[in-house]
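Numbers here are sequence positions counted from 1.
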Amino acid sequence: MARHSDRNHTGGPTGMRVPESARVLVARSPDRAGELVTALRRVGAEPLLLPLIDFEQASDQHSLDVAFDALGAGAYTWLVISSVTTVQAL
């Protein structure tokens, strides 16, 4: 939580200055935009949620399952996943 001295005159985090009643497009899914939406409302803005991406499972789920079985059997040395969304999908 931010200290009082870390906030601007509008009550939001330092550096977040939004014109009164501004509408701000937030291009994240509602489940991942909560903190930003709260901060925008705190400074008097109206956040508009418009997720611009969608997620779906692989069209060839069988091949993915085979690759995971191989991973479990030690066929691979490394698996690097750089996205929280990918972790959730897998």
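In terms of hydrophobic clustering, with Ile, Leu, Val, Met, Phe, Trp and Tyr side chains grouped at heavy-atom distances under 4.5 Å, Leu40 and Leu48 are assigned to different clusters. Connection of Leu71 to Val66 is not established within any shared hydrophobic cluster, with ILVMFWY side chains joined at heavy-atom distances below 4.5 Å, either directly or through further cluster members.
Qualifying side chain to side chain donor-acceptor pair (under 3.5 Å) partners for Asp31, counting only residues two or more places apart in sequence or in other chains: Ser29. Among residues two or more places apart in sequence or in another chain, the side chain to side chain donor-acceptor pair (under 3.5 Å) test is passed with Ser59 by none. Among residues two or more places apart in sequence or in another chain, the side chain to side chain donor-acceptor pair (under 3.5 Å) test is passed with Arg41 by none.
Atom-to-atom distance recorded for Arg28:CZ and Leu50:CG is 14.0 Å, nearest 0.5 angstrom.
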Problem - side-chain contact (heavy atoms from CB on, under 4.5 Å) between Gln61 and Leu64, intermediate numbers included - result: CA-CA 5 Å; Gln61 193 66 38; Leu64 188 58; 3.6 Å; yes

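For Ala70 against Tyr76, the heavy-atom pair with the smallest separation is CB-CE1, 3.7 Å. Nearest heavy-atom pair across Leu79 and Phe68 is CD2-CE2, 4.3 Å.
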